[in-house]
Amino acid sequence: MHRRRFVKWGVLSGASLPALQTLHAKAPDYTKTGAKLIGGRTPLADGFRMPGEWERHQGTIMVFVPAQNWKGYGLEDARKEWASVANTVSQFEPVTMVVNPPDKAIAGKMLSSKIKKLYLPVNDGWARDSGPMFLKGPNQERRVAGFTFNGWGAKFPPYDDDALLKARLAAHFRSEMYVSPVVVEGGGVLQDGEGTVITTEECLLHRNRNPRMKKADVEQALKDYLGAKKVIWIAKGLTPDPITNGHVDGIAAFVKPGVVLLHRTDRRLDPNYKRLKDAKERLLETKDAKGRSLKVIDVPLADHVAHMNFYICNGAVIVPTENNPKADEPALEVLRESFPNRQVIGVSGVILSKGGGGVHCITQQIPA
C-alpha cells in the first residue's frame with residue numbers, strides 16, 4: 001500500500017501520553033463563533049439522528065485545501081483534485097466551498113461558478129473530519145453533533161481554526177450545535193440512519209483521541225450524539241494509516257441499512273489481509289439496531305487508492321480512482337451493481353490518497 005506518503009509523522013513522534021491526554025480534556029471555546037450551543041442535553045434524548053448519506057441532500061460542504069500542510073507536498077496537484085471533486089459534485093447538488101481568505105483568487109479560478117464560496121480561516125481541507133455532522137429531528141429540524149476535533153491527535157498543528165469550523169458553519173447554516181468533549185472525526189464513523197453505527201477500535205480508542213475514556217463510554221457517546229442504538233466495532237482500518245489511525249470510511253461503507261461494502265484482498269502477504277478478514281467476520285457475526293443480519297459485499301482492494309472512500313450525493317456516487325482501468329474497474333463495477341439508480345463517476349484520487357484520504361474525506365453532506 002502506498003497511502004499516507006506525505007505524512008509529517010515527526011510532528012507526533014516525540015509526544016508523550018500525558019501531553020496527549022490534554023487534547024480532549026474539554027471542547028474548544030466556541031463562544032465567539034456565533035453558533036447557538038446546546039449543553040446538558042443529547043441528540044438521542046431530543047429525538048435527533050444522523051441520516052444515512054444516501055438520504056436527500058440540500059447540498060455538500062467542502063474546504064478548499066489551504067497551503068498550511070501541503071506546501072512542498074503537492075499543493076497544486078492537491079487543489080486540482082479537490083476542485084475536480086467539487087466541480088463534479090456541483091453537477092448534482094449545490095456545493096458550499098469554505099475558502100481560506102488568502103486563497104480567494106486561486107479558488108475562484110479553479111472552481112465552477114455554480115459553487116458558493118464561503119470565506120473562513122481554515123488549517124486543512126478535510127471537511128469530513130472538521131466540518132459539521134448534521135442531524136435531523138422529529139420535525140425535520142437540523143442540528144449539529146459537536147464532537148471535538150483535535151487535529152487527528154495533534155499531528156498537524158496548528159489546528160485551532162479547524163477545531164472551530166463546525167461551530168462556524170453551524171452558525172452559517174443557522175443550526176444549533178450540541179457540544180461534546182469526545183474526540184470523533186466524521187471519517188471515523190459510519191451510520192445507516194436507522195440507529196446503527198460502525199467504527200474502529202484502532203481510531204476511537206487510540207491514546208491520541210480519547211485516552212481517559214473506556215470503550216463503553218465512547219460507545220455511549222456515539223449513541224448519544226448520533227442518535228444511535230447500536231455500535232458495531234471493527235478492530236482496525238487499513239494500513240498504513242499513521243494520520244487517521246484507522247478511519248472506518250477507508251475500509252467500509254453502508255449502501256443502505258443492512259448492506260455494507262467492505263474492502264477485500266486475497267493476497268495473504270498484504271498486511272491488510274488479516275484486518276479485512278477479521279472485519280468481515282465481525283460484521284457477519286453481529287446484527288444491526290433493527291435486529292437484521294448484515295449483508296457484506298466485497299470490494300477489491302487496490303494498491304494506491306481506497307475506492308471505498310466514495311461520496312454519495314443526489315443521483316451519483318463519486319469515487320476516487322487510480323486513473324488505471326485495470327485497477328479501477330473491478331471496484332467500480334461492484335459500486336455500479338450496488339447503486340443501480342445512481343451514476344457512478346470516477347475522479348482522480350491519487351493525491352488525495354497520498355495525503356491520507358479520498359473523496360469521502362473532503363466532503364460532508366447537508367441533509368435536506
Side-chain angles (χ1 to χ4, degrees), residues 42-58 60-61 127-138 140-147 149 166 175 177-178 180 182-201 203-204 209 215 218-234 237 244 246-262 279 282-283 286-297 308-314 317 338-339 358-361 363-368:
T42 67
L44 182 64
D46 288 347
F48 280 75
R49 68 180 179 94
M50 188 168 183
E53 193 171 303
W54 49 87
E55 297 183 44
R56 191 73 182 171
H57 297 180
Q58 176 179 311
T60 296
I61 292 170
R128 178 65 50 177
D129 294 342
S130 59
M133 299 168 68
F134 283 101
L135 312 166
K136 287 182 72 173
Q140 305 305 305
E141 177 187 359
R142 280 197 307 254
R143 291 179 183 171
V144 170
F147 290 112
F149 177 74
K166 57 174 57 71
S175 297
M177 188 176 89
Y178 295 91
S180 171
V182 181
V183 176
V184 177
E185 299 102 28
V189 291
L190 305 174
Q191 61 287 323
D192 70 350
E194 294 188 356
T196 304
V197 172
I198 302 177
T199 189
T200 69
E201 297 165 349
C203 179
L204 291 195
R209 300 305 204 280
K215 182 178 180 179
V218 175
E219 180 168 317
Q220 189 60 52
L222 293 177
K223 293 177 179 178
D224 286 341
Y225 285 88
L226 296 177
K229 302 289 187 180
K230 176 72 175 284
V231 177
I232 299 172
W233 292 88
I234 292 174
T244 77
H247 269 189
V248 70
D249 69 350
I251 191 174
F254 275 109
V255 174
K256 60 183 179 180
V259 181
V260 178
L261 295 168
L262 180 71
R282 292 193 185 205
L283 291 172
T286 190
K287 296 185 184 298
D288 67 10
K290 298 289 188 181
R292 294 171 294 217
S293 297
L294 295 174
K295 178 182 179 180
V296 179
I297 300 172
M308 191 66 69
N309 201 270
F310 57 78
Y311 178 59
I312 305 171
C313 61
N314 295 338
V317 179
S338 300
F339 297 97
V359 173
H360 195 253
C361 297
T363 50
Q364 181 64 263
Q365 65 272 11
I366 310 168

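Throughout, residue positions are numbered sequentially from 1 according to the sequence presented. When reading the values below, keep in mind they use all heavy atoms of this one structure, side chains included, and skip hydrogens, waters and symmetry mates.
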Subject >> Donor-acceptor under 3.5 Å (Arg143 side chain, Ser175 main chain) >> reply: no
Subject >> Thr200 side chain to Val248 backbone, donor-acceptor under 3.5 Å >> reply: no
Subject >> Exercise: identify the closest heavy-atom pair between Leu261 and Phe339 >> reply: CD1-CE1, 4.1 Å
Original post:
If we only count heavy atoms from C-beta on, is the Thr199 to Val184 side-chain gap below 4.5 Å?
Top reply: no
Original post:
How many angstroms lie between atom CD of Gln364 and atom CD of Glu53, to the nearest 0.5 angstrom?
Top reply: 8.0 Å
Subject >> Residues in ring-ring contact (aromatic ring centres under 6.0 Å, His included) contact with Phe149, at least two apart in sequence or another chain >> reply: Trp152
Original post:
Can you check side-chain contact (heavy atoms from CB on, under 4.5 Å) on Leu283 and Ile198, steps first, answer last?
Top reply: CA-CA 9 Å; Leu283 291 172; Ile198 302 177; 4.0 Å; yes
**OP:** Could you tell me the separation between the CG atom of Leu190 and the NE2 atom of His247, rounded to the nearest 0.5 Å?
**Re:** 10.5 Å
Subject >> Donor-acceptor pair, side chain of Lys136 and main chain of Pro51, under 3.5 angstrom >> reply: no
Original post:
Any sub-3.5 Å donor-acceptor pair from Thr286's side-chain atoms to Arg282's backbone N or O?
Top reply: no
**OP:** Decide yes or no for Met133 and Tyr225: does some side-chain heavy atom of the first lie under 4.5 Å from some side-chain heavy atom of the second?
**Re:** no
Original post:
For Lys295, does the NZ atom have more than 12 heavy-atom neighbours from other residues, nucleotides or ligands under 6.0 Å away?
Top reply: no
**OP:** Decide whether Asp46 and Tyr178 meet the rule of one side-chain donor and one side-chain acceptor closer than 3.5 Å.
**Re:** yes
Subject >> Derivation and outcome, side-chain contact (heavy atoms from CB on, under 4.5 Å), residues Thr244 and Asp249 >> reply: CA-CA 10 Å; Thr244 77; Asp249 69 350; over 6 Å; no
Subject >> Distance-minimising heavy-atom pair for Ala252 and Val260 >> reply: CB-CG1, 4.2 Å
**OP:** Could you check if a side-chain atom of Pro132 sits within less than 4.5 angstrom of a side-chain atom of Met177, using non-hydrogen atoms only?
**Re:** no
Original post:
Would you call Cys203 and Glu185 a side-chain contact if the rule is heavy atoms closer than 4.5 Å?
Top reply: yes
**OP:** For Val218 and Trp233, work out which heavy atoms get closest and say how close.
**Re:** CG1-CH2, 4.0 Å
Subject >> Contact check, side chains of His57 and Asn314, non-hydrogen atoms, under 4.5 Å >> reply: yes
Original post:
Do Gln58 and Arg142 come within less than 4.5 Å of each other through their side chains, counting heavy atoms only?
Top reply: yes
Subject >> Glu194 side chain near Arg292 side chain, heavy-atom distance below 4.5 Å >> reply: yes
Original post:
Once the angle between the rings of Phe254 and Trp54 is folded into 0 to 90°, is it parallel (under 30°), tilted (30 to 60°) or perpendicular (over 60°)?
Top reply: perpendicular
Original post:
Looking only at heavy atoms, which two atoms of Ala127 and Ile61 are closest? And how far apart?
Top reply: CB-O, 3.8 Å
Original post:
Hey, are Lys290 and Asp192 close enough for a salt bridge, meaning a charged N less than 4.0 Å from a carboxylate O?
Top reply: no
Subject >> Nearest-0.5 Å distance that lies between atom CG in Leu262 and atom CG in Leu294 >> reply: 11.0 Å
Original post:
Just by distance, with hydrogens left out, do Arg56 and Gln365 show a side-chain donor and acceptor under 3.5 Å apart?
Top reply: no
Subject >> Any side-chain heavy-atom pair of Val317 and Tyr311 under 4.5 Å >> reply: no
**OP:** Tell me, please, which residues at least two apart from Arg49 pass salt bridge (charged side-chain N to carboxylate O under 4.0 Å, His left out).
**Re:** Glu55
Subject >> Main-chain N/O of Val359 paired with Asn309 side-chain donor or acceptor, under 3.5 Å >> reply: yes
Original post:
Does any N or O in the side chain of Thr196 come within less than 3.5 Å of the main-chain N or O of Ala289, such that one atom is a donor and the other an acceptor?
Top reply: yes
Original post:
Do side-chain atoms of Arg128 reach the backbone of His360 as a donor and acceptor pair under 3.5 angstrom?
Top reply: yes
Original post:
Roughly how far, to the nearest 0.5 Å, is OG1 of Thr60 from CD1 of Ile366?
Top reply: 7.0 Å
Original post:
Is there a donor-acceptor contact under 3.5 Å from the side chain of Lys223 to the main chain of Leu44?
Top reply: no
**OP:** Looking only at non-hydrogen atoms, find the nearest pair between Leu226 and Ala145 and report the distance.
**Re:** CD2-CB, 4.5 Å
